[in-house]
Amino acid sequence: MAYPRQPLYAPHGAVATSHPLAAAAGLAVLRRGGNAVDAALATAVTLTVVQPPSNDIGGDLFALVWDGERLHGLNASGRSPAALTLAAVRAATGGRGAAPVAALGGAQSAGPALPARGWLPVTVPGAPAGWRDLHDRFGRLPFADLFTDAVGYAEHGHPVSAGVAAAWARGVAAHAELAGPEYAEFDRVFAPGGRAPRPGERWRNPDAARTLRRIAETGSEDFYRGATAEALARHAARTGGLLTGDDLAGHTSSWVDPVPVRYRGHQVWELPPNGQGLAALVALGVLDGLELADVPLADRLHRQIEAVKLGFADAHAYVADPDLVPVPTAALLSPGYLAARRALITDRAGEPVAGDPERGGTVYLCTADAGGMMVSLIQSTYLAFGSHVVLPGHGFALQNRGLGFRLDPAHPNVVGPGRRPYHTIIPGFLTRDGEPVGPFGVMGGHMQPQGHVQLVSATLDAGLDPQAALDAPRWYWHAGRSLLVEPELVGTAEGRAAVDGLRARGHEVTVAAEPAVFGYGQAIWRTADGGYVAGSESRVDGGMGGF
């Protein structure tokens, strides 16, 4: 039999993320006297090297930081190039857009979309600036010291882990269908010898080591106004990209106020739009008025699924760049609106639409230190290897976050210049009565809000520790009445009865063996005596450490 992973208990500090080498990098920083932000940055930078299918230097990040007294939010997502207009997209795609991308999920993917690969969906990478901005505000150790492990693994190589190798192979297979000068560098960097690295095979990326050194030495300035920025602009101009030096130089992160919703006497916090955390908050706000702890499993799952559908319907209708479009966040989370949405849940599987409120490929990590500081951070290039556009001589791929835009001129998230698109990556945080419980996250595109709902419910309704809550069988809703469940759910009599009950309610249930669709997560909770208990994903290569 397979024995479950046990939670990690640590008296002083902890790190949990999707790769053991990255977790070790963060833990080493904690032991050298760094704080939770320093550890988070060392972990995040290392993840770009050891898990490149999911995140890279050319991606975005979002973070929540508990500074010991209050919660801060950082939106380090990038904006679209100034030349990315609706007319330009229609001209580049023959006026029709591209086929919808399944990874976007639900109503968000309806209608034409940007192509998944190439220059058109590339937005300005926000991760390097996000690293700098987090450090400038909260860091303790020198910025350059946080890059040591990442640079070492890139320059000298590291053995590729099994889970990463599987994702890598899928990305390389997708790349085989692409042709054009913008893709020419991909194989040299990520498919040397014409294939992805195998599990345990050592892979080096000396070009990325040099790029990371320049970022470390210049406080990320090189990426936006230095030699790397100039190389990016030249490569785009040569190979059909819209990204310019002005687009890069104009990038800024945004410090934002996190947004809470009440759930079982706690507060669940997400970042405000342009991320999809609003979907999780609406769902949890709806569920807070429904009983889950002492009901049959089929009823519990049905109510969670229907609440998630309501949350996504609202998020897909209203989430956009709040700097350019008013987003009714407060109205969507008001008790009256949540009660009205709650009333729509019946004993049948539904296909809800957005309400009308009154107007007013990813990696995740969390860290905690002895002083009580905690970080919830997520970064991504989106689909595997993002756009598959790799900057020659620099060793990194650019994200394809422009896929989050819509082509409907009447939609608030319509594609346009200088805009932040609908974003799937969302860090979470849990508090109770103004005191921190801890950071959590579940990565995986459309899975993320529903993963947040399932993790929070497993913690607060079922009383599970973070590892058990992460290990609990998951479900995944994409669109309509279709529902995927993990094989473990039907491994017990209760689970089989629950699936039968869901089918009787109109859910079209499929048992899916592929674990990637159900997302990967981590969580760290503060214990009553001031220590920590952590959990990390057991479906893939999750790692954690503490001291």
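Being a predicted model, the structure only gives us computed values, none of them experimental.
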Salt bridge (charged side-chain N to carboxylate O under 4.0 Å, His left out) between E537 and R474: does it pass, once the steps are laid out? CA-CA 12 Å; E537 189 58 60; R474 294 182 192 147; 3.0 Å; yes
I'd like to know whether the aromatic ring centres of H72 and F138 sit less than 6.0 Å apart in this structure. yes
Quick one: does any side-chain atom of R420 pair with a main-chain N or O of S77 as donor and acceptor, under 3.5 Å? yes
Counting N and O atoms only, with roles assigned by atom type, does the side chain of D247 sit under 3.5 Å from a partner on the main chain of P81, one being a donor and the other an acceptor? no
Look up atom CH2 in W269 and atom OG in S376, then write down how far apart they are to the nearest 0.5 Å. 13.5 Å
Would F143 and H135 count as a close aromatic pair, with their ring centres under 6.0 Å? yes
Kindly determine whether R117 and Y183 satisfy side-chain contact (heavy atoms from CB on, under 4.5 Å), including the steps that lead there. CA-CA 9 Å; R117 312 295 187 188; Y183 304 118; 3.6 Å; yes
Lys/Arg-Asp/Glu bridge criterion (N-O < 4.0 Å) met for D314, K309: no
The side chain to side chain contact (heavy atoms under 4.5 Å, CB included) partner of S380 among Q399, M443, H423, R401 is R401
Pair F385 + F190: ring centers closer than 6.0 Å: yes
Here the gap from D288 atom CG to L281 atom CG, rounded to the nearest 0.5 Å, amounts to 12.0 Å
If you compare all heavy atoms of A229 against all heavy atoms of L248, which two are closest, and at what distance to 0.1 Å? O-CD1, 3.7 Å
When you measure from the side chain of S254 to the backbone of N75, do you find a donor-acceptor pair of N or O atoms at a distance under 3.5 Å? no
Have a look at V261 and tell me which of V282, L338, L332 forms a side chain to side chain contact (heavy atoms under 4.5 Å, CB included) with it. L338
If only atom types and distance count, is the side chain of T48 paired as donor or acceptor with the main-chain N or O of V45 below 3.5 Å? yes
Test your reading of the model: is there a side-chain donor-acceptor pair from N274 to the backbone of P421, 3.5 Å cut-off? yes
Is there side-chain contact between V308 and W475, with heavy atoms separated by less than 4.5 Å? yes
Using a strict 4.0 Å threshold on nitrogen-to-oxygen distance, state whether R214 and E230 make a salt bridge. no
Under the salt bridge (charged side-chain N to carboxylate O under 4.0 Å, His left out) criterion, do R225 and D246 qualify, and how do the steps go? CA-CA 9 Å; R225 295 175 182 83; D246 287 342; over 6 Å; no
Stepwise side-chain hydrogen bond (donor to acceptor under 3.5 Å, both in side chains) test for T424 and Q276: CA-CA 6 Å; T424 57; Q276 65 175 345; 4.6 Å; no
Looking at L398, is its backbone amide N or carbonyl O close enough to the side chain of S387 to form a donor-acceptor pair, meaning the two atoms are under 3.5 Å apart? yes
Tell me whether D56 contacts the main-chain N or O of G58 through its side chain, where contact means a donor paired with an acceptor under 3.5 Å. no
Relative to each other, are the rings of H388 and F186 parallel, tilted or perpendicular (30° and 60° limits)? parallel
Geometric class of the H446/H316 ring pair [parallel <30°, tilted 30-60°, perpendicular >60°]: parallel
